[in-house]
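Below: the structure, in structure tokens.
The shown structure was predicted, so the numbers you read here are calculated from the model rather than taken from an experiment. Residue numbering restarts at 1 for every chain, and letters A, B, ... go by the order of the sequence lines.
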Amino acid sequence: MCTASSRTAEKRLNAKTTHLNLEKTMSKKYNPSKVEAKWQAKWEADGLYAANIDDARPKHYAITMLPYPSGDLHMGHWFAMTPSDARARFKRMQGFNVMFPMGFDAFGLPAENAAIKRNIHPKEWTYANIANMITQMKSIGTMFDWQRVAISADPEYYRWTQWFFLKLYEKGLAYRKWAAVDWCPKDNTTLAREQVIGENRVCERCGTPVIKRELEQWFFKITDYADELLDFSGIDWPEAVKTLQTNWIGRSEGADVSFKTETGDEFVIFTTRPDTLWGATFMVLAPEHPLVEKITTDEQRAAVKEYVAQTGRQSDIDREATDREKTGVFTGGYAINPVNNERIPIWIADYVLLTYGTGAIMAVPAHDQRDFEFARKFGLEVRPVIQPEGEMLLDGDKMAAAAAHYGVMVNSGPLDGTVADEAVAKTVAYLDKQKIGKAAVGYRLRDWLISRQRYWGAPIPMVYCESCGIQPVPEDQLPIELPDDIEWRPTGESPLKFHPSWKHTTCPNCDEPAIRETDTMDTFMCSSWYHLRYLSPGYDKAPFDPKEYDYWMPVDTYTGGIEHATMHLIYTRFFHKALRDMGIAEGHEPMLQLRNQGQILSHDGQRMSKSRGNVVDPDELVGEYGADAVRAYLMFGYRWSEGGPWMTENIQGVVRWLHRAWSLFTEEQTGGGGASEKVQRGLRRKVHQTLRKVGDDLERFEFNTVVSAMMELLNQMLEAKEQGAVGTSAWDEAQDYYLRMLAPVVPHFAEELWAEMGKPYSIHTQAWPELDQDAAKEDEITLVVQVNGKLRDRITVPVGLSEAETRARALESEAIKAFVDGKPPKKVIVVEGKLVNIVL
RNA sequence: GCCGAAGUGGCGGAACUGGCAGACGCGCACGACUCAAACUCGUGUUCCUUCGGGAGUGUGGGUUCGACUCCCACCUUCGGCACCA
């Protein structure tokens, strides 16, 4: 057996014995709850994390998405917040002036539902939860600046939410219209299109299938910004989010084409396939289309009326189900196809939606599967006008499905023979010239419906006057405060409507009695600008102090869940762009860098939820292991961007690591002397290599490898200690660097040991350690030698060997000789400093 | 159906621009300490093996001296969209 290793083992044993004896007298036990409480109190008393403008330092504005005050902080909050905190701390140590604030998205349905269920006022419920959550957040050791907390339900906050509404209204971006809107019958309110999810079209919050209701509601013209929202240049956002937003906006290019009815009424259709225009054999209008009434003939009137009524009764679930058989009714009216003056029948069918395009289509059954199914069912003509290259001539009567691909135009009058690549462009040019159509763009994105028939939200600052109509509330009358005395009735209308006096006011224009808008705003309106309120939460002259804006904005790093991709994250971009156009904000984007964390699931891989009873309580774990251990575990155990199932046992790994590190720093620094030059250099090398890795990985949000690298370094330090490294300058540097690298991950732990070593308070105001590239360099490398791509030997060689020398060393190896067996190699590949591959 | 992401030991996960697969942990096994257990410490831990080696990163092919990594096809899982003209 190797004598060196048994000697090492013996030494370890001795060291261990010494350690055990000393433990009782010298080294103190790691008591996380004591350590954490102590430093939290001190940091708060010292205002250590207060962010103030400092022109001498570069700023870094970091935000993690603000929570809804639902009651308790759960593991998901920890998983989102603590790694974001670690990175903000890292940025601070790198020399940035960091602002990392926190707030509460405090308006919303759950408060109101709790109010109804438990007979407690939403305000009371919300603010009690906020107080509780602030206590919990302080216990997790984040560097939140509690002077800047913003709560969207505070009148001083929603005063400005209302002010922004007025600005949008002035700018023409807020409008009111009658529309069939999505309604959640359980929550008794309308929802934005984004809040209706899945195939079953359920409410995003409570899972109840939504229904359609005709209501007059407020909308924001987010569609004005559709094209700009598709432009992600200049921002570093995850591809996944950009794709989700792009798909959500759903831009499609095509053409608007003017048709006329036989009786001379003009109507426009939108198509993405203008090249198939000559193949239109019928038209389809949405049943709700205004022209239906006019074109329907007397013979068809009864059938049309019946079909329209039937469609109106249907829920969207039925109507939008793709696998449903096509239905529809002939109106009796005819249209004239502008390209060939053909007379084609006009039908109505529910597969055409009033809300997309113009609510009317030309039907080209030969080249569109939906139109094809409809034509086959009702015996309408199928006329191919696009011939796929290299295939048999299409026969409209025999086709089994639509041929949706591009090809050569046929049966298309002047454009016959136009090839696929040019077909659309040439047709559009032709339409333009004939003045019957033009290039157009369609979007899936709808305007943002912001009215909610609920109490617990920011009241929409509008007044309805009999003589003056809709009037905005003058700015100096803001905020329109919510009344505290309120009662709930299950009518599906805002409780504000039934308040005896609240809605009665006077018209700002004529001073006559008038009625307030009783709907409140979607809470996504509140969260579209909270990053601006953080800048100066107490400021009362404007939503934010321009001095603070100039220094801190834009947000440098934004972290949160991807579930907000098509809601909050698209709204907040829209909001910023609208403010920019009003001269209120600067720059094109509010948040430069976005990163998404994954989700912590329960042990069984399900989502954690109170109803499933599988929620892991962080408070319990913090009580047992301390906040630092929980922070470190959440960073170590998962890829942050992925998340994964909770595994209670795995926390043992970081708990053991912290205890071992604690012992190393607090036990008597003995066993010094006798460390070889090589051991010292090896220790320095590992320290600086770790520093490089930890810095890179914190920068890239790869927290799991940050912790594993720190574990590796600790292992090497323990070994170096046994080899007599204590007392050397390499050892002192290792200890100093170790704590500074640890500070972002386990802030209390690092602070305590830093103080224990007699270093100046606070570790969190220290600079990030300086990297010595030379120290990190290897002076020996393990050269991998392969024969035919298979690993056959490893040899240790000095750094900087020439290619020829490297090759020679590899061929000299005994193990290699055995494999090469005297045969001359066909080829020898040498990757300097890494590998030699001998090809036989 | 369309769009996107991901498939690596018993488990969580490493592997940066193609170059030692499985770092770091959990768990497990054995050993030390203990009257005993827990803790702690040490050793081992992808699979097969005739102990030479062979196989191996969802599957099948390809490019390459060399592929978890690049290309093609497919399978599975998760997420989003879905009669959007």
Item to check | With sequence neighbours excluded, residues passing side-chain hydrogen bond (donor to acceptor under 3.5 Å, both in side chains) with A:Thr782 | outcome: none
Checklist entry - Heavy-atom count around A:Lys438 NZ within 6.0 Å, excluding the residue itself: above 12? => result no
Next on the checklist: Can you classify the ring geometry of A:Trp640 versus A:Phe79 as parallel (below 30°), tilted (30 to 60°) or perpendicular (above 60°)?
Outcome noted: tilted
Checklist entry - Which part of the nucleic acid does A:Arg660 contact within heavy-atom distance under 4.0 Å: base, sugar-phosphate only, or nothing? => result sugar-phosphate
Checklist entry - Any salt bridge between A:Lys693 and A:Asp696, counting N to O under 4.0 Å? => result no
Checklist entry - How close or far is atom P of B:C26 from atom CG of A:Leu658, stated in whole angstroms? => result 12 Å
Next on the checklist: Could you tell me if A:Arg444 sits above the aromatic ring of A:Trp248, with its cationic atom closer than 6.0 Å to the ring centre and no more than 45 degrees from the axis?
Outcome noted: yes
Checklist entry - Starting at the 5' end of RNA chain B and moving along, which residue's nearest nucleotide shows up first, A:Arg446 or A:Gly653? => result A:Gly653
Next on the checklist: Distance check, C1' atoms only: B:C68 and B:G13, in whole angstrom units.
Outcome noted: 14 Å
Next on the checklist: Just by distance, no angles: are the side chains of A:Arg446 and A:Thr223 close enough, under 3.5 Å, to form a donor-acceptor pair?
Outcome noted: no
Checklist entry - What integer distance in Å separates A:Trp248:CH2 from B:G79:P? => result 17 Å
Next on the checklist: Please give the distance between the P atoms of B:A82 and B:C20 as a whole number of Å.
Outcome noted: 45 Å
Checklist entry - When rounded to the nearest Å, what value does the distance between P atoms of B:G9 and B:C47 take? => result 12 Å
Next on the checklist: Let's see if you can work this out: which of B:G27, B:A82, B:C65 has an atom nearest to the side-chain heavy atoms of A:Arg193?
Outcome noted: B:A82
Checklist entry - Side chains of A:Gln597 and A:Glu642: is there a donor and an acceptor less than 3.5 Å apart? => result no
Next on the checklist: Tell me whether the rings of A:Tyr638 and A:Trp646 are parallel (<30°), tilted (30 to 60°) or perpendicular (>60°).
Outcome noted: parallel
Checklist entry - Counting only heavy atoms not in A:Lys817, do more than 12 sit closer than 6.0 Å to its NZ atom? => result yes
Checklist entry - Would you write out the dot-bracket form of RNA chain B, 5' to 3', with Watson-Crick and G-U pairs under 3.5 Å, [ ] for crossing pairs, | for pairs to other strands and . for unpaired bases? => result (((((((..(((......[....)))((((((.......))))))(((....)))..(((((..]....))))))))))))....
Checklist entry - Is the cationic atom of A:Arg273 (NZ for Lys, CZ for Arg) positioned less than 6.0 Å from the six-membered ring centroid of A:Tyr406 and within 45 degrees of its normal? => result yes
Checklist entry - Say you pick atom P in B:C71 and the same atom in B:G79; how far apart are they, in whole Å? => result 26 Å
Next on the checklist: Which residues pass the side-chain hydrogen bond (donor to acceptor under 3.5 Å, both in side chains) test with A:Asn837, not counting sequence neighbours?
Outcome noted: none
Item to check | Interatomic distance where CD belongs to A:Gln599 and P belongs to B:U77 [whole Å] | outcome: 20 Å
Item to check | Protein-to-nucleotide contact annotation, 5' to 3' order, nucleotides 13-23 of chain B [B base; S sugar-phosphate only; - none; under 4.0 Å, heavy atom] | outcome: SS----BB--B
Checklist entry - Which of parallel (below 30°), tilted (30 to 60°) and perpendicular (above 60°) describes A:Phe374 and A:Phe282? => result parallel
Next on the checklist: Rounding to an integer number of angstrom, what distance separates B:G22 and B:A14 when you compare their P atoms?
Outcome noted: 15 Å
Checklist entry - How far, in whole Å, is B:A6 from B:G31 if one measures between their P atoms? => result 45 Å
Checklist entry - Rounding to the closest angstrom, what is the interatomic distance between B:G42 and B:U49 at atom P? => result 31 Å
Item to check | Aromatic ring proximity A:Phe524/A:Trp448, centre distance under 6.0 Å | outcome: no
Checklist entry - Ion pair present between A:Arg193 and A:Asp182, side-chain N to carboxylate O less than 4.0 angstrom? => result no
Item to check | Position toward the 5' end of RNA chain B (nearest nucleotide), A:Ala240 or A:Gln652 | outcome: A:Ala240
Which protein N or O atoms sit under 3.5 Å from an N or O of nucleotides 52-55 of chain B?
residue	atom	partner	partner atom	Å
B:G54	OP1	A:Arg792	NH2	3.2
B:G54	OP2	A:Arg792	NH1	3.2

Checklist entry - Using the C1' atom in both, what is the distance from B:G53 to B:G61, to the nearest Å? => result 28 Å
Between N or O atoms, less than 3.5 Å apart, protein on one side and nucleotides 44-48 of chain B on the other: list the pairs.
none

